[in-house]
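The structure under discussion appears below in the form of structure tokens.
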Amino acid sequence: MDQEEIGKAFSEMWSQLSLIGGDPTGGYHRFAFSAADTHLRSWFRSEAERRGLTFEVDCNTNMWAWTDPAAVRVVGTGSHLDSVPGGGAFDGPLGVVSAFLALDLLGQRMEGLPPVAVVAFTEEEGGRFGVACLGSKLATGDLSPETARSLRDGEGVELARAAAQAGFDPSSFRPDPERLDRLGCFIELHCEQGRALRQPVGLASAVWPHGRWRYTFNGEANHAGTTRLADRRDPMLAAAALMTSARIGAQTAGAVATVGRIAAHPNATNGIADRVDVWLDARAPDEAGLDALVDSVDRVVYAACREHEVDLRQTRESYLSEVRFDAALNRRLQGVLGEATPVIPTAAGHDAAVLAGHLPATMLFVRNPTGASHTPHEHVDIDDCIAGVEALAEAIEALA
Ligand SMILES: [Zn+2]
């Protein structure tokens, strides 16, 4: 296949996928165990089967396509097909489509396909049930089956029920070391999610440590007109202090901090809230920096709570230490892809980072010209998509 043929094959697969799970804003809403998910799964299965790959769904609902169902020291590749609400087209599917096309390319170059497994992990975004990388964490044992089954979506539907309704058996969830042991290494191709990559393709060095904290501020509900300022216990003011201090703390630490979610109760225009929940997402180049950032936010928040007589309950909902991708694998791939191939860290989580705790893993990033991600504006140029497919094929050929 020359570049034009890869581009044509890519566009054909992409246009089929683009019909699934679109929303009116031009983005995608592809939640685990939804109707869109069922369509995505049958798309994956038919792509696997038309290439003569062995398709299977593992005990944790992840999908696999093996070139040889009995092989060991297999090169694992792939990504995820789910999206955040209103997500872009490339985050996830780019890695799955590129994996299938890399196999097509290798099929022409080599006598028989090397041992490769293409995987699509379930609920990578945590968009529906709130826990990111759910399918890969179940497989590695980083998430307990009981915890996973009892997660609830925004409508209160339990994950176990949603999975069963989609035709899966949630009682089969369990760590799956036998399957993972068959992988000699794992390479996830993914669109870069910032503007850190100036070349078509790069490698990932590490994932920044990151965490999510929930702050619940309790004050006193009252009338927005008749309550004197001096008499108020307004939790929104403490929430506001949190948001501005997070921004200042992140700037100081060379980190990022975001409040993207807030819930006020009773959420009335003409009333002082009695309760405000705020979620802080913070990520930094190292753990000391992340801890210092959150400490600086807390100091400001405690002071605001005292000033406004607001009670605070703070919970750390998740914390992920820094993940370093396999340095030896990266060196080998730089040898294959060119010594000038950049190796860059990312502040976003990935299934490859979950697997990296258990087997040699790394990522291939494909350039994102605008840096937009998790929005309908997410975009990767077709020439860079082609470069990604070629790089992945070269990587697999070298490692298989
Ligand atoms: Zn992703």
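Whatever order the structure lists them in is the order used to number ligands and atoms, beginning at 1. Not measured: the values here are computed from a predicted model.
Ring geometry, Phe31 versus His29: the interplanar angle falls from 30° to 60°, so the pair is classed tilted.
Atom OD1 is the N/O/S atom of Asp91 found closest to the Zn ion (ligand 1).
Here His190 meets the criterion, with an N, O or S atom under 2.8 Å of the Zn ion (ligand 1). At a cut-off of 2.8 Å, Asp351 is not counted among the residues with an N, O or S atom near the Zn ion (ligand 1). Within the 2.8 Å limit, His80 places at least one N, O or S atom next to the Zn ion (ligand 1).
A cation-pi arrangement, defined by a distance under 6.0 Å to the six-membered ring centre and an angle within 45 degrees of its axis, is present between Arg261 and Trp279.
Between Phe44 and Trp64, the gap from one ring centroid to the other reaches at least 6.0 Å.
Arg179 and Asp181 are not joined by a salt bridge, as no carboxylate oxygen comes within less than 4.0 angstrom of a charged side-chain nitrogen.
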